[in-house]
Asks: 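So that we are looking at the same thing, I have put the structure below in structure tokens.
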Amino acid sequence: MNDHLKKFSGVDFNPDKYVKEISQVCVGGIELQSHRAKIQALAEETSQNLKKNVYKNYMQFIETAREISHLEGEMYQLSHLLSEQRALLGSMSNSGAEPVLQASSKAQEEKRIAALSSVLEIIESCPDLLDTPGRELLHEGDIVELDPLENTALHRTRALLFSDMFLIATWISERKGQAKYKFESSYDLGSMAVVNVRDLGQVKHAFKLLVFPDTRLFQCVNNEAREEWLKRFDEAKKARLNSEQIKKKDDNVKEPHTIHEQLAKPPERTDSVEFGSNPFGFVLDDDEDCNALPEWLTEAADDLDVSIAQRHFEEAYAIIQKAEEYFASAQDDQSLTDIKSKVENRKDVLISVLLSELNVSAEKSLQGGLRASRRAVRLLNQLNKSTQACELYLKVCTNLLKAQSKRVKREGATVAYVKRLSEVYFSNLASITSEFQYRAFPHNQDCTSAFVVWVSMEASHFLSHIIKQVFIPQTPLGTLAECIDIIRKQSQQMCELGLDLSYQVNGQTMTAVTRAVAEAGEKAVDAVKVRAAEDPWRPSRQTQQSVNKIQSELGLPVSEYLAQDGVFELTANSLSFAKLLSSLTDEGLMISCQDLEFALSKVLKEVLKAHLNHLSASYSSNKFGSQRSLIQQNAKFILDQLLESVQRKYSEKMGHRCKKLDTLRKEFNFILKESKTTITGYI
Amino acid sequence: MSKKPAPQPALHKVIMVGSGGVGKSALTLQFMYDEFVEDYEPTKADSYRKKVVLDGEEVQIDILDTAGQEDYAAIRDNYFRSGEGFLCVFSITEEESFQATQDFREQILRVKNDENIPFLLVGNKGDLDEKRKVTLAEAQGRAQDWGVPYVETSAKTRENVDKVFFDLMREIRSRKMEDNKMSNGRGKDRCKRKKLKCTIL
């Protein structure tokens with residue numbers, strides 16, 4: 001045999017040559033026939049091996065596929081985590097773009113920049129305050145500038161003290177609720193002297209600014225404000241002195257710069273006093289600004305405010321886009337940077353408004369469902385804020401699911417409840433999925449992975465809820481089976497959308513189901529034992545009609561057990577056991593999945609074995625000596641018809657026969673064999 | 001507003017300079033309010049204004065009492081730039097404060113770029129003659145070198161307090177009149193700029 005095998009499995013095996021060789025060697029038909037038998041045996045063995053291998057590999061294949069799908073889920077989670085990390089790092093690196101003093105922490109730096117940006121926001125044609133690293137806003141306030149000669153009020157100003165300079169902006173108007181100022185002048189802290197005005201006739205709470213060749217006089221609202229200003233000036237001056245002593249080098253660079261600034265600006269500064277009272281000066285300046293930039297751009301920030309307030313988000317986005325395009329093509333200059341930062345701010349506002357649109361709040365009604373969120377999500381996608389949008393969107397989805405599920409009241413039968421709930425749940429989940437995949441975040445891998453993670457979380461919530469509701473002790477297995485089956489079928493919807501939840505459904509219900517099956521098995525075994533104890537082994541009398549009824553009930557051919565005289569050989573116990581085992585098989589198979597095969601087959605075996613033990617005990621018992629043939633008939637029914645029907649059902653679901661039951665059958669076959677009556681062959 | 005005929009009397013800007021603790025504020029307060037403050041508290045920078053009658057003419061004096069301890073040279077320059085006349089104060093009981101007047105003088109001349117800037121050397125604390133460290137001759141010698149008057153004062157007794165302020169104001173006034181004569185038609189820098197602006201507007 002073995003050398004045959006070797007020959008056949010050789011690479012250079014040629015069947016024609018082999019046959020020729022054999023026909024040459026063999027003489028006569030007998031020798032050839034023995035050869036044929038040998039080869040046939042070999043073929044049989046091989047095919048059996050092949051079957052075994054296929055079976056083994058089939059299981060492996062299924063397991064591998066499952067592992068792969070599990071792995072896929074994990075990869076999705078991983079990718080979700082990674083993209084979250086990336087977003088985090090991205091936001092960190094964005095805010096760190098400005099050269100930062102190492103000592104100051106990031107939060108402080110952000111606060112500093114925010115303060116400076118808000119200053120830029122309210123002051124027109126303000127020089128870029130962010131260009132000097134480490135500049136901080138120390139103090140600000142509204143003060144009135146006075147004529148230094150006549151002590152009369154000139155104009156309202158906004159004064160801002162930075163760590164390296166003092167900035168004065170004149171008040172323009174209260175446009176759109178927010179005070180607006182126009183940049184007037186700024187002084188390097190080193191080039192100006194602050195003088196407390198102790199005595200100036202009627203003028204109170206004033207201080208002077210000595211900036212060559214000017215003397216500027218400012219009045220605060222009260223003495224505290226003045227003291228505060230003087231204190232702040234003093235602190236700023238000292239801090240600057242300290243820092244300058246530390247870095248003399250920097251000072252050398254800065255000094256010519258400030259001088260240069262002074263030289264460049266003296267006309268403006270010397271005339272600033274007159275400017276304040278003379279509106280023409282501003283008009284001139286404004287004209288210059290407008291010539292450089294298109295009108296829509298200068299109005300962009302205000303228009304954006306309006307659009308956002310009126311919830312015309314699309315318009316706002318269009319303006320932002322237009323402005324960004326313009327920024328990309330235009331050259332950088334002072335006023336443009338101004339507008340740019342304003343637009344950037346508005347963009348942030350828009351984003352936060354849109355995000356708050358998506359924010360889940362108790363008061364917000366979910367009417368309109370996800371469609372209501374479409375707009376915000378679309379815009380956020382366009383604004384490159386998909387990740388945040390996705391996060392919030394999924395929260396909305398969670399709420400939606402919760403709200404929809406709550407509407408399903410728990411009343412009446414468990415099955416009906418589970419059915420309705422899972423219908424509602426999975427159809428919502430499916431619609432969310434398609435909305436998410438095709439509407440909200442199409443072609444966005446990061447969001448998809450987040451979504452997968454979300455779905456699996458939601459599913460596990462749902463399942464744990466269901467398990468709590470359904471798997472209560474004493475619930476019949478049939479009910480459980482039906483519930484689980486409903487959930488499995490409903491979760492198929494997701495499978496059609498490309499998201500296979502069955503693995504999770506099975507996995508999560510596994511423990512509960514296993515326990516339920518085991519309990520049902522124990523109960524059945526108990527029932528069998530009770531009935532066995534009371535079994536009188538008496539045939540019943542049945543009419544053809546009633547037998548037909550039993551037959552249709554069991555789905556098994558029982559009419560052969562009806563004798564002509566109306567004696568029905570199957571006992572009541574056998575029939576009820578048949579019913580019990582059939583329903584247990586049905587329910588067990590319904591509730592079970594591949595992973596539960598072991599538990600189920602064990603339960604079936606236990607139950608069957610309990611009954612067969614009863615049969616064999618009765619058979620060998622002297623008490624029922626006269627009823628042996630009856631017992632044999634019943635055993636035949638159980639072992640052949642009933643067992644076969646169980647096996648048929650089993651292999652329909654599991655794809656193969658239940659080995660345990662087959663072994664059991666072999667074990668108890670002796671009951672049939674010892675009989676002299678006909679034995680149905682084992683198929 | 002500045003174009004209107006000024007209803008205010010002429011304004012003379014006086015600056016008190018000198019080391020810390022020599023009595024600049026004491027002199028100023030004595031002149032302003034006729035009071036002597038014993039307690040010493042370093043000044044940051046205070047400004048005062050007062051209407052006085054100078055030789056029968058009403059004028060305003062603007063006093064800038066600077067910080068003797070001002071450690072920021074650039075800021076000190078700013079004080080000096082705004083002054084029209086200087087009272088350079090030292091304490092006759094303190095040698096260092098007298099030496100420091102040299103530095104102040106140099107700094108003022110550098111900033112104002114004018115050798116003839118109205119300037120008075122003031123030796124304060126004249127009431128503490130027994131603790132005198134700087135002799136009259138020494139001080140007078142230095143004043144002579146600079147070509148400025150030397151006056152000894154006492155903020156406590158009010159001796160010569162009015163004198164130093166009024167003398168300085170007279171110097172400032174005569175200096176201004178001189179300037180006006182010299183550059184008649186041209187005017188001072190500041191006036192010139194203003195006028196130019198007016199024609200533009």
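All of these numbers come straight from a predicted model, not from anything done at the bench. To find a chain, count down the sequence lines: A is the first, B the second, and so on, and within it residues start at 1.
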Asks: Go through A/Val195 and B/Tyr79 one step at a time and tell me if the side chain to side chain contact (heavy atoms under 4.5 Å, CB included) criterion holds.
Replies: CA-CA 9 Å; A/Val195 176; B/Tyr79 296 146; 4.0 Å; yes
Asks: Does A/Lys208 come within less than 4.0 Å of B/Asp46, counting only side-chain N to carboxylate O?
Replies: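 The answer is no: the pair does not qualify as a salt bridge.
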Asks: How far does CG of A/Leu210 sit from CG of B/Leu64, to the nearest 0.5 angstrom?
Replies: 6.0 Å
Asks: More than 12 heavy atoms of other residues, nucleotides or ligands under 6.0 Å from CD of B/Gln144: is that the case?
Replies: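 Check fails, neighbour count at 12 or below.
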Asks: If you count every heavy atom of other residues, nucleotides or ligands that lies below 6.0 Å from B/Glu35 atom CD, does the total exceed 12?
Replies: yes
Asks: Taking all atoms of both residues into account, what is the closest heavy-atom pair of A/Val194 and B/Ala45, and its distance?
Replies: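 Here A/Val194 and B/Ala45 meet closest at O-CB, 3.5 Å.
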Asks: Sequence neighbours left out, what passes side-chain contact (heavy atoms from CB on, under 4.5 Å) with B/Ala10? Give chain and number order.
Replies: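 Only B/His12, B/Val59 meet the side-chain contact (heavy atoms from CB on, under 4.5 Å) criterion with B/Ala10.
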Asks: Is chain A contacted by the side chain of B/Asp65, its backbone, both, or neither, given a heavy-atom distance below 4.5 Å?
Replies: neither
